[in-house]
Amino acid sequence: MSSEANKVQEPAPEPAAGADSPLPAPFTPQAFPLPLPSLEHDFRLVCNLASRVSVGPTPLGGQRNWIGISNGWFSGRWGSGVVVPGGQDNQTVTPGLSTHVDTNYLLKTSDAEPAYITVHTEGWRTGPQDVLAKLFDPAQADGVKPDEYKFRLYVHLETGDERYKDLCTGMWVASGARLGAMVVYDAYRIV
């Protein structure tokens, strides 16, 4: 074994005294700037929801709900088509009614020979408790404006279809809204 392989690596130099950052001076954002990501609207997803099934309290607090995806549609820069029935929204609702969502969908493109694309989203719906309470009642949810609460998600797409393989390495964030027994997401690709 060479003496180089056994050599203990010296720690990075300490930042200058009085500096605001604990980072070594050559790696502060000012000294080593990285490209700022931007967002491009990429697709919209609209789904009809089945009735909510209450699974019960979770061991760590909150209420677990299961909501099936009846059907839906999507349209975007890379294609369009339908949401295949059978997806699900697995929710955990906190005592303050903030809701963690974890959803799975299957998209079918409108190509002559359709492609199938899986969608996984995860995120939170938060806001004033009285507003969030209305979103659990489809009759009242239509009257809630999307800017009265926050519904933010990250989105992951996957497919084995070569025509859409670039979706497998993409990254998205989304903003959503609950409308009656429907949910609408606008997904923005991080570029």
Side-chain angles (χ1 to χ4, degrees), residues 29 34-83 86-107 117-158 167-191:
L34 295 173
L36 182 64
S38 60
L39 300 176
E40 292 178 357
H41 184 264
D42 203 42
F43 67 95
R44 176 167 275 198
L45 180 72
V46 179
C47 293
N48 289 309
L49 304 173
S51 297
R52 180 178 68 235
V53 175
S54 175
V55 178
T58 67
L60 301 175
Q63 170 73 31
R64 172 79 62 202
N65 293 327
W66 187 271
I67 301 171
I69 308 300
S70 300
N71 60 23
W73 310 267
F74 73 95
S75 180
R77 293 160 28 125
W78 44 267
S80 62
V82 297
V83 177
Q88 54 82 27
D89 179 357
N90 185 14
Q91 301 180 339
T92 304
V93 183
T94 70
L97 301 184
S98 289
T99 303
H100 177 261
V101 297
D102 186 351
T103 64
N104 289 288
Y105 306 90
L106 181 62
L107 307 181
I117 302 164
T118 64
V119 180
H120 176 241
T121 72
E122 189 171 348
W124 283 90
R125 191 170 62 211
T126 60
Q129 192 168 353
D130 61 320
V131 171
L132 296 175
K134 293 176 186 174
L135 297 176
F136 286 100
D137 178 355
Q140 293 186 57
D142 275 342
V144 179
K145 295 178 184 164
D147 63 0
E148 293 181 56
Y149 60 100
K150 288 185 177 29
F151 194 175
R152 305 294 186 261
L153 307 142
Y154 80 78
V155 180
H156 173 76
L157 304 178
E158 185 177 317
L167 297 177
C168 297
T169 57
M171 296 174 68
W172 293 264
V173 292
S175 182
R178 175 74 189 261
L179 303 170
M182 298 178 81
V183 68
V184 179
Y185 296 156
D186 272 338
Y188 297 85
R189 189 184 288 248
I190 301 170
V191 294

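Scored by the side-chain contact (heavy atoms from CB on, under 4.5 Å) test, Ser75 finds Ser80 as partners (sequence neighbours excluded). Among residues two or more places apart in sequence or in another chain, the side-chain contact (heavy atoms from CB on, under 4.5 Å) test is passed with Ser38 by Val191. When the salt bridge (Lys or Arg N to Asp or Glu O under 4.0 Å) test is applied to Glu158, no partner is found at least two apart in sequence or on another chain. With sequence neighbours excluded, no residue satisfies side chain to side chain donor-acceptor pair (under 3.5 Å) with Asp142. Listed by chain and number, the residues in a side chain to side chain donor-acceptor pair (under 3.5 Å) with Thr118 amount to none (sequence neighbours excluded). By the side chain to side chain donor-acceptor pair (under 3.5 Å) test, Thr103 pairs with Thr121, sequence neighbours left out. Qualifying side chain to side chain donor-acceptor pair (under 3.5 Å) partners for Asn48, counting only residues two or more places apart in sequence or in other chains: Asn71.
Summarising the geometry of Ser70 relative to Ala50, their closest heavy-atom pair is OG-N, 3.6 Å, with the distance given to 0.1 Å. Scanning both residues, Leu153 and Val101, for their nearest heavy atoms gives CD2-CG2, 3.3 Å. Between Leu132 and Tyr149 the shortest heavy-atom distance is CD2-CB, 4.3 Å.
Residue pairs that meet the salt bridge (charged side-chain N to carboxylate O under 4.0 Å, His left out) test with at least one member in residues 50-71, sequence neighbours left out, do not exist here.
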Table please: side-chain donor-acceptor pairs of residues 123-130 below 3.5 Å, with sequence neighbours left out.
none

Please table the atom pairs, donor to acceptor, closer than 3.5 Å between any side-chain atom in residues 172-190 and protein atoms at least two apart or in another chain.
{"unit_1": "Trp172", "atom_1": "NE1", "unit_2": "Asp42", "atom_2": "OD2", "d": "2.9"}
{"unit_1": "Ser175", "atom_1": "OG", "unit_2": "Arg152", "atom_2": "NH1", "d": "3.1"}
{"unit_1": "Arg178", "atom_1": "NE", "unit_2": "Gly180", "atom_2": "O", "d": "2.9"}
{"unit_1": "Arg178", "atom_1": "NH2", "unit_2": "Gly180", "atom_2": "O", "d": "3.4"}
{"unit_1": "Tyr185", "atom_1": "OH", "unit_2": "Tyr105", "atom_2": "OH", "d": "3.2"}
{"unit_1": "Asp186", "atom_1": "OD1", "unit_2": "His41", "atom_2": "NE2", "d": "3.0"}
{"unit_1": "Asp186", "atom_1": "OD1", "unit_2": "Arg44", "atom_2": "NE", "d": "2.7"}
{"unit_1": "Asp186", "atom_1": "OD1", "unit_2": "Arg44", "atom_2": "NH2", "d": "3.3"}
{"unit_1": "Asp186", "atom_1": "OD2", "unit_2": "Arg44", "atom_2": "NH2", "d": "2.7"}

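When side chains are defined from C-beta on, Val119 counts as touching Val155, because their heavy atoms get closer than 4.5 Å. Considering only heavy atoms from C-beta on, Asn65 comes within 4.5 Å of Gln63 through its side chain. A heavy-atom distance below 4.5 Å is not found between the side chains of Met171 and His156. Using a 4.5 Å heavy-atom cutoff, the side chains of Trp73 and Leu45 are not in contact.
Residue Leu107 forms a side-chain contact (heavy atoms from CB on, under 4.5 Å) with just one option from Val83, Val82, Leu167, and that option is Val83.
Gln88 and Asn90 share no donor-acceptor pair across their side chains, judged by distance under 3.5 Å alone.
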Carefully, step by step, assess His120 and Asp102 under the rule side-chain contact (heavy atoms from CB on, under 4.5 Å). CA-CA 7 Å; His120 176 241; Asp102 186 351; 2.5 Å; yes
Assess the residue pair Leu106 and Ile117 against the criterion (side-chain contact (heavy atoms from CB on, under 4.5 Å)); give the C-alpha distance rounded to whole Å, side-chain angles, the decisive distance to 0.1 Å, and a yes or no. CA-CA 6 Å; Leu106 181 62; Ile117 302 164; 6.0 Å; no
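Remark: side-chain polar atoms of Glu148 are paired, donor with acceptor, to backbone N or O of Lys145 under 3.5 angstrom.
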